Every structure is written in structure tokens, then in C-alpha cells.
Amino acid sequence: MPAFVSSPALSAVAGIGLLSVMDGLIKYVAADFGTGQLVVMRYLCGTLVALVVFKAMGTRWPDWRTVRPHAWRSVVVAGTAVCFFYALSVLPLAVVLALSFTSPIFIALFAALMLGERPGGAVLAALGLGVVGVIVVLWDELARANAGANGLGIAAAIGSAITYALSMVTLKSRAARDPLPTIVLLQNALSGLLVAPLGLMGWSAPSMGELAVFALIGLLGTAGHLCMAWAYGRADASRLGVLEYTAFVWAVAIGLFAFGEVPTVSTLGGAALIVVGALLASRHPAAIKEPEIEIGP
């Protein structure tokens, strides 16, 4: 269990925050590298960090029965990264974020179909508030972008939301069975192997400074996925999926403190709706049985 969180909701929010910072760094280096190389470098550095965590915690090496379901899941994870990174390269960031915020809807849908979860009224209301909040924040940006939006980029952004939702629901099914270091290590290593051929095409040697950025990306990605894996092992996927809307709040904070971007009134209003929706979904959780997750040898 991550030491700095004490509930699945807090762990998920922390994980989303770490992954949001990672996305910002990826956007920062996207102008200098192709989509395939970005994905490969992200997972290569993530694998190195995950391997350090894996060894430090004394986790047993997984057998084939453990690797096999993660190999299937890595196909979805790699697809998410390729689609999302491509969308970032051809569409405005605001449009990509707006489309990616449909993922909680797909998470609730997949959780119902695959895990038998039945999201309650609070979760459905939170989904609605989140959607309204996104529309309020991004109305002008979407209206401007629709006139000349790249159709393939829009399809990629929506596709990444669908595959991300599927990856989170399948994570739920493994998080109560496998050690967290194993989950994160296999996710990084197997996804990196899958996209390696794509990344080798048009490879551009990164500088030492760019390598440092990729190393930080790997660290943030590993820490974020550890938080998410812990959370999804202890709460319903449909409940935690609504918390994905808090990514926009993280984006506002990153823009303000890192780039000096002052949020507008509509941005603050939409963010408030998103936060209310996330809090509503997290209130009065049902009793959750702590799964026996093996951390040590």
C-alpha cells in the first residue's frame, strides 16, 4: 500500500495526479519525437523504475499463469498509449482532454458488463456532473476545433478513452490477485515490447537532458500506476472511474504553476462541477473487504 494514502479514492486521485504530470512532460517532448518512440521511451524508463521497485520489495518472479493475462492486458495498455500520444500530436490538448474524459462512462459500462458491478445513483449523478463540467470548461475550445478537427485524431482520442477504460477494468480483475510490483513491471515491460518495432522506425537519439525527462516520465508513470493498482484492488471500478475527472483539476494546477496560465471563470466553474461529482461518487462507500495482496516474498 502506498504510504501516503489511506483510501482507494485518495490513492486513485494521487495516481491520476502523477499520471497527469507525466502527460504534461510527454506533451513537452512530443515535438521532437515520433509517437512510437515516445511510447517506447516512456515504457523503457518505466520498466527500469518498476524493476527497481520489484527487486526492492523482494517480489517473486511471476510464473506463466500470471504473465499470460497481463500479456493480453498489455495489448490494451499499449494501444491506449499509442492512440493518446498520437491524438496529442495532431489535436489541441483541450480537445484531447475533453474526449478522454469520456473514459469514466466506458469504465462504468465495462464494469457492469465484465465484473457485474451495478453503479448506484450517486455514481451515475457524478458521471453526469463530470460530463457537464467538461462541457462548461471546454465549450469554446471544442466549438473552434470542430470546424477543422483531424478526424483520425478524434478517433484516436476516443479510442484511447475506450481502451483506457478497458485496461482499468481488467486491472480491477488482477489487482486482488497479483502483487502490485508485478502488475506495474509487467505492464511497462510487455507494453514496451509490443510497441518496440513501431518506436524503432524513425528513431531520433535523445540528448542527456531529454533522457532525464524520460527518466522522470518513467518514475511518475510507475508511481502513478502503483497508486491506481492499489486503489482498483480495493474499490469498484465504476466508483473510481469517476475520479478520472479530477485530471482536469490537476491540469489547471499544472498550467497555473508551471506555465503561468490563469484559469478563466468557466474553467473554475467546470472544475468545481468535476470536483463535486468526484466527491459525490466517493461518499458513503460500501464496506470493502481488503484483498490479500502479496507484497513480499
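As the structure is a prediction and not an experimental result, all values here were calculated from the model.
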Heavy-atom pair with the smallest gap, counting every atom of [X] and [Y]:
X      : Y      : value
Tyr232 : Met168 : CD2-O, 3.5 Å
Gly17  : Trp250 : CA-CE2, 3.2 Å
Gly46  : Thr222 : O-OG1, 3.1 Å
Arg42  : Gly221 : NH2-CA, 3.6 Å
Gly199 : Val40  : CA-CG2, 3.7 Å
Ala12  : Leu240 : CB-CD2, 4.1 Å

Apply side chain to side chain contact (heavy atoms under 4.5 Å, CB included) to the pair Ile16 and Met228, showing each step before the final yes or no.
CA-CA 8 Å; Ile16 291 166; Met228 297 298 285; 4.0 Å; yes

Heavy-atom donor-acceptor pair, [X] side chain to [Y] backbone, under 3.5 Å:
X      : Y      : result
Gln187 : Val77  : no
Ser191 : Asn188 : no
Thr47  : Tyr43  : yes
Arg234 : Ser7   : no
Ser11  : Trp230 : no
Thr182 : Asp178 : no

How far does [atom1] of [X] sit from [atom2] of [Y], to the nearest 0.5 angstrom?
X      : Y      : atom1 : atom2 : value
Phe33  : Trp203 : CZ    : CH2   : 8.5 Å
Asp32  : Gln37  : CG    : CD    : 10.0 Å
His70  : Leu190 : NE2   : CG    : 9.0 Å
Tyr86  : Thr35  : OH    : OG1   : 8.0 Å
Leu166 : Ile162 : CG    : CD1   : 9.5 Å
Leu220 : Ile26  : CG    : CD1   : 9.5 Å

In terms of hydrophobic clusters joined by side-chain contacts under 4.5 Å, are [X] and [Y] together?
X      : Y      : result
Leu243 : Val21  : yes
Phe84  : Leu198 : yes
Met57  : Leu51  : no
Val76  : Leu186 : no
Phe85  : Leu18  : yes

Pair Asp63-Thr66, side-chain hydrogen bond (donor to acceptor under 3.5 Å, both in side chains): steps then yes or no:
CA-CA 5 Å; Asp63 56 23; Thr66 301; 3.1 Å; yes

Verdict with reasoning, Ser74 to Leu194, per side chain to side chain contact (heavy atoms under 4.5 Å, CB included)
CA-CA 8 Å; Ser74 67; Leu194 281 174; 3.5 Å; yes

Only pairs under 3.5 Å count here: list side-chain donor-acceptor contacts from residues 209-219, not counting sequence neighbours, and write none if there are none.
unit_1: Glu210; atom_1: OE1; unit_2: Ser207; atom_2: N; d: 2.8
unit_1: Glu210; atom_1: OE1; unit_2: Ser207; atom_2: OG; d: 3.4

